[in-house]
Amino acid sequence: MLIINSQLSKTGRCLLVAWVVGLLSACGSVHTVNDAKGRVKQDVSVAVNAAPKIGNYESRIGFKGAETSRIFMQTVYEHNQSDTARYKNYSDNPIKQVITEPVSTFSLDMDTASYANSRRFIANGRMPHPDAVRVEEFINYFPDVSNEVLKPLLGSPFAATYELTPSPWNANKVLLRVNIKAENVQFKELPPSNLVFLVDTSGSMEGPDRLDLLKKSLKLLVSRLRPQDRVSIVTYAGSAGVALEPTSGSNKAKILAAIDKFEAGGSTAGGEGLKLAYKIAEQAKVKGGINRILLATDGDFNVGINNDEELKALVSTEKDKGITLSTLGFGDDNFNDAMMVQIADAGNGNYSYIDSLQEAQKVLQEEMSATLVTVAKDAKAQIEFNPRQVLEYRQIGYEKRQLKQEDFNNDKVDAGDIGAGKKVTVLYELTLAGAKPSIDPLRYQRKKTDSAGAQNGEIAFLKLRWKEPGSKKSEMVSFPIEKKALGSSFEQAGVETRFLAAVAAFGQKLRHNPELAETSYEQIANWANNAKGNDPQGYRNEFVRLVRKAAVLETSK
């Protein structure tokens, strides 16, 4: 087995590996290569007298024989290095007929990682993999910028509003936007925190966009700690260790010094690190406080527990003991998005991707309350559509959060947790009665009798169910959605509806959803640009630039 010295440049390592592979290929050997970051790479080998068919490659580059093999194998190695990220596939929600499936049930979600990760792709000149795009994480990324009034839902930690508007990408359809916002908690009012930073210091975390950025990001959170808060640090590479015992937030110098000592190297014993982090969290547990692990990693677990189901089981068991887990993603080529999503969900936490110091500031400072404090546990939504008013519906996003109808009332079914002050947006595309349906009516299906509310213009009825953070029994609140909220044109809809419709269109187009096949990126950019509103942090202006860059990338394929 060949180990490449980590002090070599990336190009130097690739050249050296390619040279050795070419040499070994001539002898008919097959080898597995470990790169300088401790990652086991795919086999890069060719058998004797079985050189790859590369057309006129030799004549084009001016090399022959063994030299051609060397260059070819270098190319293969570099391709393998840049194409190992893992994403889980979720098929787009289909169009459903209200007369046969009137109820839509799903878990609420406040993750935003997909948008930041996709932004990183486009900023680097590549279109994101369709499976890397989760539309609900796009639309839930953006803070409110308007003075939209939300109605408090009595007896709950939520306020809500909704709007109906003609769809900008399909004149035959209507968009329903429901905005749900959790009550806010000011930073100074937060309960004491017991935080464990679980930090991946394996070789795969080497680099300015990984461990270096991770260190700067955690320092932003440390700057906000109070004397009553406690921080511990567990690091893991080939093995796990305690880098900082529970320390008061008043001793920032000691915490920062521990962070400064992080160095990357070795394999990735993530499972062992998780177990040790939970042990430390249990020792410093604060009754009635925030007990949370922040796992900062690229998700590349390759030693010990590395099966997603085993990891989810461990995290879920500890969640039931009152210790939650959130994930912070870093890196690109070997990034394990699929694992990060699933264990954050299992740990009743949230998943964020950090692609820049500005994103770290958003997640760990501006939205610190939402990141750390849960105000509604196992939050679910259920919408029943009125068949007299709505022929069809299609939920936009939330594919990974779909539930069975009976799951809504089952308190044993896990769902999403909503942080303090967090806004969650739900979008549906509807075909109203009188419009041309996408699916032919059924011949033998009986027509439904008028449902409750049909005469007074109800389009749908929405129910929310959640648990108080310390409770095992859920509560419920509900409200009707009335047709009178439908505007006459998309241009007359509110700023939030128009902007988030553009965001949803962008996400769907990146996923190659055929519903957006006739919509251009330039159209989407224009919709968003006309609905930026008051944008103090510049997130919406950045989005417009991102869409326009995607248009350039698409045309340059």
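As the structure is a prediction and not an experimental result, all values here were calculated from the model.
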Got [X] and [Y] here, is their nearest side-chain heavy-atom distance under 4.5 Å?
X    : Y    : answer
V477 : K463 : no
L190 : S369 : yes
F197 : L221 : yes
L176 : T165 : no
M339 : L311 : yes
L294 : L198 : no
T374 : N348 : no
L153 : F479 : yes

Is the closest side-chain donor-acceptor distance between [X] and [Y] under 3.5 Å?
X    : Y    : answer
Q402 : Q395 : yes
T497 : E163 : yes
T431 : E392 : yes
N541 : D535 : no
R292 : S193 : no
T112 : N140 : no
N350 : D111 : no
Q508 : W169 : no

Checklist entry - Residues two or more places apart in sequence or in another chain: which of them pass side chain to side chain contact (heavy atoms under 4.5 Å, CB included) with S474? => result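 Side chain to side chain contact (heavy atoms under 4.5 Å, CB included) check on S474 returns D411, R465, K467.
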Side chain of [X], backbone of [Y]: donor and acceptor closer than 3.5 Å?
X    : Y    : answer
N530 : N526 : yes
E318 : L314 : no
S556 : L553 : yes
N117 : A113 : no
N194 : A281 : yes
T161 : L150 : no
N93  : G397 : yes
T555 : A551 : yes
E136 : I396 : no
N124 : R120 : yes

For [X], all residues meeting side-chain hydrogen bond (donor to acceptor under 3.5 Å, both in side chains), sequence neighbours excluded:
X    : result
E359 : R119, Y141
R498 : none
N410 : none

Looking at [Y] and [X], is there a salt bridge between them, counting it only when a charged N and a carboxylate O are closer than 4.0 Å?
X    : Y    : result
E137 : R511 : no
R545 : E542 : no
E522 : R548 : yes
R401 : D345 : yes
D417 : K377 : no
D109 : R134 : no
E515 : K509 : no

Item to check | Atom pair OG (S167) and CD (E429), whose distance is rounded to the nearest 0.5 Å | outcome: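 With rounding to 0.5 Å, OG (S167) is 5.0 Å from CD (E429).
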Next on the checklist: To the nearest 0.5 Å, what is the distance between CD on E101 and CD on Q405?
Outcome noted: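 Here the rounded value is 9.5 Å.
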Next on the checklist: Before you tell me yes or no, could you show the steps for D92 and R394 under salt bridge (Lys or Arg N to Asp or Glu O under 4.0 Å), namely the whole-Å CA-CA distance, both residues' side-chain angles and the distance that decides it to 0.1 Å?
Outcome noted: CA-CA 9 Å; D92 290 333; R394 177 175 70 91; over 6 Å; no
Can you confirm whether more than 12 heavy atoms, excluding those of [X], are under 6.0 Å from its [atom1] atom?
X    : atom1 : answer
K362 : NZ    : yes
E518 : CD    : no
K285 : NZ    : yes

Checklist entry - Ring centroid separation for Y115 and Y353, is it under 6.0 angstrom? => result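 No, they do not, as the ring centres are separated by 6.0 Å or more.
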Checklist entry - Which word best sums up how the rings of F385 and Y428 line up, parallel for under 30°, tilted for 30 to 60°, or perpendicular for over 60°? => result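 Rings of F385 and Y428: perpendicular, over 60°.
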Checklist entry - Do the ring planes of F506 and F138 sit parallel (below 30°), tilted (30 to 60°) or perpendicular (above 60°)? => result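 F506 vs F138 ring planes: tilted.
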Smallest separation among heavy atoms of [X] and [Y], with atom names:
X    : Y    : answer
S118 : V133 : OG-CG2, 3.7 Å
T327 : A344 : OG1-CB, 3.5 Å
T371 : V363 : OG1-O, 2.7 Å

Item to check | Sole residue of E458, K483, E482 in side-chain contact (heavy atoms from CB on, under 4.5 Å) with Q389 | outcome: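 Per the side-chain contact (heavy atoms from CB on, under 4.5 Å) rule, the option paired with Q389 is K483, out of E458, K483, E482.
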Item to check | With F330 via ring pair (Phe, Tyr, Trp, His ring centres under 6.0 Å) - residues at least two apart | outcome: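 Scan of F330 (ring pair (Phe, Tyr, Trp, His ring centres under 6.0 Å), adjacent residues dropped) gives none.
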Row check, [Y] ring normal vs [X] NZ/CZ: under 6.0 Å, within 45°:
X    : Y    : result
K532 : Y539 : no
R540 : F499 : yes
K88  : Y90  : yes

Checklist entry - Passes side chain to side chain contact (heavy atoms under 4.5 Å, CB included), N291 versus V286? Steps please. => result CA-CA 7 Å; N291 296 283; V286 178; 4.0 Å; yes
Next on the checklist: Applying ring pair (Phe, Tyr, Trp, His ring centres under 6.0 Å) to F158 and W466, what does each step give before you reach the verdict?
Outcome noted: CA-CA 10 Å; F158 301 115; W466 78 99; 5.7 Å; yes
Could you go through residues 434-442 and list every donor-acceptor pair under 3.5 Å that involves a side-chain atom there, pairing it with any protein atom two or more places apart or in another chain?
unit_1 : atom_1 : unit_2 : atom_2 : d
S438   : OG     : K173   : NZ     : 2.7

